[in-house]
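Working notes for the structure below.
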Protein chains: 2
Amino acid sequence: MSETVSDALGEPAPDSFADGMDAERAPTRSLSVADRIRASILSGDFEPGARLHEVRLSERLGVSRTPVRSALQSLASEGLLEYAPNRGYSVRRFLTSEIVDAYEIRTMLESLAARLAAERGLTDAERAVIEGALADGDAILAKAELEEADRIGYGAVNFAFHDTIHAASRCRMLGDMIRMCQSVPQSSHRNVVSFEYLEVRRRHEDHHRIYDAILLRDAYRAEMLMREHVASVKTGLVRSISGRAPRSRR
Amino acid sequence: MSETVSDALGEPAPDSFADGMDAERAPTRSLSVADRIRASILSGDFEPGARLHEVRLSERLGVSRTPVRSALQSLASEGLLEYAPNRGYSVRRFLTSEIVDAYEIRTMLESLAARLAAERGLTDAERAVIEGALADGDAILAKAELEEADRIGYGAVNFAFHDTIHAASRCRMLGDMIRMCQSVPQSSHRNVVSFEYLEVRRRHEDHHRIYDAILLRDAYRAEMLMREHVASVKTGLVRSISGRAPRSRR
DNA sequence: ACCGCAAAAATTGCGTACAATCCGAGCGTC
DNA sequence: GACGCTCGGATTGTACGCAATTTTTGCGGT
């Protein structure tokens with residue numbers, strides 16, 4: 001059993017691209033268009049390095065170039081696209097080294113979030129969410145084997161756990177940066193991390209310990225546990241990339 | 001003797017706002033306008049929370065609303081402005097806690113950069129730059145007292161040192177994120193950090209040790225030294241904010 | 001006076017036309 | 001045949017006008 005790395009530590013799922021039926025909950029076309037293009041890229045509709053022509057996108061999406069340009073600029077600032085003046089936007093090409101590096105960064109940021117959460121404490125609501133997530137995870141793992149539905153369920157549990165800690169850090173910039181790390185597409189869904197029962201169980205145990213440390217306001221332990229927790233996912237990713245060490249960069 | 005925190009670890013200096021004489025080296029109006037508005041904000045031309053009206057800016061800058069809108073969006077993604085759909089952009093208000101938090105984040109990121117630099121090694125050019133910066137710093141500190149020019153000179157030395165390590169991390173996202181931390185305006189140049197001779201000397205000694213660790217490929221030591229190096233600046237900032245502990249948040 | 005509501009003003013969002021720039025094909029020269 | 005140049009098409013950058021939304025203003029009721 002294995003799943004994409006993205007689920008290993010929790011991540012929102014994209015939806016389809018050119019569905020004109022899009023509910024368009026977004027308050028403005030620019031934002032809506034950005035969401036749709038982002039989802040399209042993350043679902044692999046464009047080759048890495050492909051140019052994104054403003055007119056074609058605007059025709060395909062049924063809007064003018066203006067909101068498309070705005071959306072492209074947003075996506076570039078998110079790191080999903082590259083921009084060259086007078087030469088437009090293209091899908092950013094991620095080297096495997098960049099994907100691994102994103103986990104290095106995320107390791108530092110998530111461990112900081114855990115430390116800050118421990119230092120600053122949790123609200124009642126946050127405690128409730130985490131305890132719910134831990135209980136749900138316990139339930140899923142009570143069975144000795146994981147089905148597809150369990151993996152999806154655990155992904156949600158996992159996301160709730162981490163997301164709540166980000167919130168508990170009371171530091172918006174930190175959450176934003178972690179989001180940027182998560183938005184690095186995992187090499188077009190090609191890189192998978194080992195997702196065996198024991199791996200999940202171990203990560204879930206980590207969650208329990210991290211929560212304990214935060215509750216006890218043990219900032220140092222919370223930081224170190226979270227650091228190891230995320231770093232282990234990186235290690236698994238590196239290993240799965242093909243058993244050999246992360247290849248030289250550039 | 002003291003200087004703004006921004007110089008304590010190196011940061012580019014902004015230039016004036018509406019100087020139409022602006023060389024406009026930027027390849028496009030949008031980028032040029034973004035630079036000018038950014039400089040204007042960082043130099044304190046706008047109150048925190050102030051709305052930025054597109055038409056007024058476009059008139060003041062002598063361009064149409066289109067590049068202004070593009071520039072505002074860029075600045076918002078940099079974290080300098082806040083955006084609300086249909087309600088425009090306003091200068092982001094930074095709580096002192098957010099400024100301190102930015103240093104917390106930067107501590108983690110810079111220490112990671114130092115570790116990666118140690119793991120991955122320096123190019124000849126990078127070694128040369130750092131050794132030059134260290135030598136220049138030695139020269140400045142040979143005198144037992146610092147004049148204004150020395151402080152400016154040391155700021156440049158300091159910037160070169162850190163910037164080269166960021167580059168040596170071979171991790172673009174890391175550099176980008178550190179830049180975001182640096183772009184948090186230090187509470188309108190009001191927060192200053194102790195900048196006495198001994199403080200600078202100590203930081204310069206840190207630089208020497210960090211460089212040694214990187215040269216020796218001692219990743220752990222490089223990380224820890226850099227962590228303490230940046231954290232000490234944060235501590236100084238917190239102390240200078242008024243001698244009392246960082247006040248409770250929210 | 002205070003509150004709610006409606007119309008007007010101000011401001012942002014979007015569409016479209018035009019200008020500037022970039023890229024490649026074709027041609028001429030060496 | 002290779003190199004450089006010019007020209008044409010394609011694409012992005014900018015200006016401007018109108019539509020949509022928000023905010024302010026003004027009025028009537030209580």
Side-chain angles (χ1 to χ4, degrees), chain A residues 18 20-38 40-41 45-78 80-93, chain B residues 17-18 20 22-38 40-41 45-78 80-93:
Chain A
M21 300 305 131
D22 185 2
E24 301 231 356
R25 292 280 174 273
T28 178
R29 290 203 200 352
S30 296
L31 297 175
S32 162
V33 166
D35 289 341
R36 289 165 69 182
I37 296 178
R38 180 183 14 250
S40 175
I41 293 170
D45 288 4
F46 298 94
E47 293 299 311
R51 281 268 301 273
L52 295 186
H53 295 259
E54 298 174 359
V55 286
R56 295 181 201 168
L57 282 174
S58 66
E59 288 167 0
R60 185 167 172 188
L61 295 171
V63 298
S64 83
R65 278 177 58 212
T66 306
V68 170
R69 280 179 67 80
S70 172
L72 292 177
Q73 192 180 342
S74 290
L75 297 174
S77 73
E78 290 176 21
L80 235 64
L81 301 179
E82 301 213 53
Y83 169 74
N86 283 309
R87 297 179 57 183
Y89 297 86
S90 52
V91 177
R92 179 162 163 198
R93 196 184 299 275
Chain B
F17 179 59
D22 184 3
E24 301 231 355
R25 292 281 173 270
T28 178
R29 291 202 215 310
S30 296
L31 297 174
S32 162
V33 166
D35 289 341
R36 290 164 69 183
I37 297 178
R38 176 179 21 245
S40 175
I41 293 170
D45 289 3
F46 297 94
E47 293 299 309
R51 283 263 304 267
L52 296 185
H53 296 259
E54 298 174 0
V55 286
R56 293 181 202 168
L57 283 174
S58 65
E59 287 166 2
R60 184 167 173 188
L61 295 171
V63 298
S64 81
R65 279 177 55 212
T66 306
V68 171
R69 281 179 66 80
S70 173
L72 292 177
Q73 192 179 340
S74 290
L75 298 174
S77 74
E78 290 176 23
L80 235 65
L81 302 179
E82 300 212 53
Y83 169 73
N86 283 309
R87 298 179 57 182
Y89 297 85
S90 53
V91 177
R92 179 162 163 196
R93 195 184 301 274

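Reminder, nothing fancy here: chain letters follow the sequence lines and each chain counts from 1.
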For this session: Check each of Leu81(A), Val68(A), Leu75(A), Leu80(A) against Tyr89(A) using the side-chain contact (heavy atoms from CB on, under 4.5 Å) test, and report the only one that passes.
Result: Leu81(A)
Exercise. Got a donor-acceptor contact below 3.5 angstrom from the Gln73(A) side chain to the Ser70(B) backbone?
Worked result: yes
Exercise. How would you label the contact of Leu72(A) with the nucleic acid (heavy atoms, under 4.0 Å): base, sugar-phosphate, or nothing?
Worked result: nothing
Seminar exercise, completed: When rounded to the nearest 0.5 Å, the distance separating CD1 of Ile37(B) from CG of Leu61(B) is 5.5 Å
Exercise. Counting any heavy atom closer than 4.0 Å, what does Tyr83(B) reach on the DNA or RNA strands: base, sugar-phosphate only, or nothing?
Worked result: sugar-phosphate
Problem set entry | Minimum-distance nucleotide (side-chain atoms of Ser64(B) versus dA15(D), dT12(D), dT11(C)) | dA15(D)
Exercise. How close do Ser90(A) and Gly49(A) get, heavy atom to heavy atom, and via which atoms?
Worked result: CB-O, 3.8 Å
Problem set entry | First encountered from the 5' end of DNA chain C, between Leu31(A) and Arg65(A) | Leu31(A)
Exercise. Does dT14(D) have OP1 or OP2 sitting under 4.0 Å from an N or O in the side chain of Thr28(B)?
Worked result: yes
Exercise. Base, sugar-phosphate, or nothing: which does Ser30(A) touch, judged by heavy atoms less than 4.0 Å apart?
Worked result: sugar-phosphate
Problem set entry | Smallest separation among heavy atoms of Pro67(B) and Val33(B), with atom names | O-CG1, 4.4 Å
Pairwise N/O distances under 3.5 Å, protein to nucleotides 21-23 of chain D:
from	atom 1	to	atom 2	distance (Å)
dT23(D)	OP1	Arg87(B)	NE	2.5
dT23(D)	OP1	Arg87(B)	NH2	3.3

Exercise. What's the CG-P distance between Leu52(B) and dT11(C), to the nearest Å?
Worked result: 13 Å
Exercise. Does the side chain of Asp35(B) reach to within under 4.5 Å of the side chain of Arg38(B), using non-hydrogen atoms?
Worked result: yes
Exercise. Any donor-acceptor pair under 3.5 Å between the side chain of Thr66(A) and the base of dG13(C)?
Worked result: no
For this session: Rounded off to whole Å, could you give me the CZ-to-P distance for the Arg29(A) and dG13(C) pair?
Result: 12 Å
Problem set entry | Length of the CG-P vector between Leu61(A) and dC14(C), whole Å | 13 Å
Problem set entry | Any Arg69(A) side-chain N or O less than 4.0 Å from OP1/OP2 of dT12(D) | no
For this session: Report the distance from atom CG of Leu57(A) to atom C1' of dA10(D), rounded to the nearest whole Å.
Result: 16 Å
Seminar exercise, completed: When every non-hydrogen atom of Val63(B) is compared with those of Arg29(B), the smallest separation belongs to CG1-CD, 3.8 Å
